Protein chains: 2
Amino acid sequence: MMADVQRLETGNGPRAAILNAAMRLFGKQGYTGTSIRDLATEVGVLPGSLYAHIQSKEALLVEIVADGIHRFITAVEPHAHGAGSPVDRLRAMIVAHVEVVAENPERSLVVFHQWRFLGESSLPAAIERRQVYEGCFIKVMEEGVGQGLFKPEINQRIAVFTILGALNWTPEWLSPDGRLTAQEVGSLMAETLLRGVLA
Amino acid sequence: MMADVQRLETGNGPRAAILNAAMRLFGKQGYTGTSIRDLATEVGVLPGSLYAHIQSKEALLVEIVADGIHRFITAVEPHAHGAGSPVDRLRAMIVAHVEVVAENPERSLVVFHQWRFLGESSLPAAIERRQVYEGCFIKVMEEGVGQGLFKPEINQRIAVFTILGALNWTPEWLSPDGRLTAQEVGSLMAETLLRGVLA
DNA sequence: ATGCTTTTAACAAACGTTTGTTTCTCGGCA
DNA sequence: TGCCGAGAAACAAACGTTTGTTAAAAGCAT
């Protein structure tokens with residue numbers, strides 16, 4: 001009954017083309033604002049043809065969101081558990097996050113905005129993964145305060161949400177082919193955000 | 001031919017009830033994810049009955065977004081053109097923004113996330129108003145740098161987007177009846193964000 | 001000729017909206 | 001007080017379209 005989980009292959013093939021088109025459209029128009037016919041047009045195929053490669057519209061969203069969160073966690077979590085000081089680790093996490101956004105801003109838009117439309121069966125897992133991600137930042141923040149590196153009087157919850165808010169908004173304005181590289185943008189944001197919490 | 005522009009009345013009446021319900025649903029499920037039947041159910045009325053009070057689904061969005069942006073501009077713009085130092089003005093703008101969000105987080109979600117779904121006739125005006133709003137922050141930022149109050153080496157564009165990103169994300173987590181008042185949350189965020197740009 | 005993929009056509013359901021009619025509320029007049 | 005008509009609101013039903021999805025037939029490789 002439980003079908004094999006379909007994995008997102010970065011390789012070629014019609015399946016990857018569909019997923020890329022879905023990322024673009026879900027990011028631009030939202031999940032509920034994108035129809036299967038929109039998607040088929042973008043791919044260059046008739047609507048029914050899509051179902052030879054996908055299970056359902058929602059399965060597309062599940063795969064994009066799950067894979068997207070995975071990329072963020074994979075890129076950021078090692079720094080959270082790293083060896084350096086909390087300050088350096090937080091800086092590295094911010095840069096890594098921006099780099100993942102720059103790699104594909106549309107996917108990031110889907111990950112951060114469209115996850116609400118996951119069905120009841122896949123939503124809990126996605127929320128849990130998001131909390132794992134937020135937990136990385138909270139952990140480093142707590143350690144920073146514990147070591148006297150961050151201002152003790154800051155509200156940790158609000159500081160984390162401030163940082164995550166700034167980060168989550170980046171796909172709205174970041175252009176991967178702008179003058180600055182993702183690494184430079186990330187460093188500038190880290191500079192700005194870190195000074196707000198340093199002791 | 002041009003009908004009178006319908007104004008958002010804070011007063012009672014079925015029209016206000018519809019607008020409030022639309023704010024809640026558009027904020028939670030998105031504009032395209034909310035059907036007229038959803039809205040009618042929320043109001044407690046049959047779908048067709050709504051059209052005695054509204055012109056169309058899109059007209060609802062137009063009114064909510066236009067009124068919402070207006071509230072933010074009204075609350076923040078005076079501080080941008082105020083007499084104090086750029087530092088104090090930026091702080092006051094951040095606090096004012098958070099206060100408007102706290103006043104109605106759902107409306108803020110619609111303003112910042114759903115404006116994309118405005119039709120071609122109303123979208124340009126909304127974008128222009130948003131740019132006016134962003135311009136307030138850019139202006140103060142420039143003056144702060146000009147007066148040597150803000151670090152000259154910061155990238156002003158990125159600093160503004162970092163601040164606005166943190167602010168635009170607040171409706172996702174801010175609860176108006178939490179332990180902290182909106183004014184306190186705004187002050188804490190301003191503290192965090194301002195130290196990142198101070199010279 | 002056997003497997004994929006696409007096309008074609010259609011399905012039931014949900015979409016935004018309009019219509020004609022009923023129900024409710026309330027002020028004025030006898 | 002009792003009746004009446006006016007206005008506002010909601011109902012019930014349907015409209016044409018679009019939605020996600022499917023089944024059968026056709027195309028095309030190996």
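Fair warning: this is a prediction, and the values are worked out from it, not measured in the lab. Chain letters run A, B, ... following the sequence lines, proteins first and then strands; every chain starts at 1.
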**Spacing of A:E58 atom CD relative to D:dG20 atom C1', expressed in whole Å** = 12 Å
**Asked** How does protein reach along nucleotides 8-19 of chain D, written 5' to 3' as B (base within reach of a heavy atom under 4.0 Å), S (only sugar-phosphate), or - (no contact)?
**Response** -SSBB-B----B
**Pairing residues for B:E184 by the side chain to side chain contact (heavy atoms under 4.5 Å, CB included) criterion, not counting sequence neighbours** = B:L180, B:T181
**Request:** Quickly work out the A:R15 CZ to C:dC4 P distance and round it to whole Å.
**Result:** 16 Å
**Item:** Set of side chain to side chain contact (heavy atoms under 4.5 Å, CB included) partners for B:A159, sequence neighbours left out
**Value:** B:M141, B:I154, B:V197
**Request:** In whole angstrom, give the distance that lies between atom CD1 of A:I54 and atom C1' of D:dG20.
**Result:** 10 Å
**Message:** Under the side-chain hydrogen bond (donor to acceptor under 3.5 Å, both in side chains) definition, can you give me all pairs with a residue in residues 150-170 of chain A, not counting sequence neighbours?
**Reply:** none
**Item:** Where at least one partner belongs to residues 172-199 of chain A, residue pairs that pass ring-ring contact (aromatic ring centres under 6.0 Å, His included), sequence neighbours excluded
**Value:** A:W173-B:F161
**Item:** Qualifying residues under side chain to side chain contact (heavy atoms under 4.5 Å, CB included), relative to B:L174, sequence neighbours excluded
**Value:** B:V98, B:V101, B:A102, B:V185
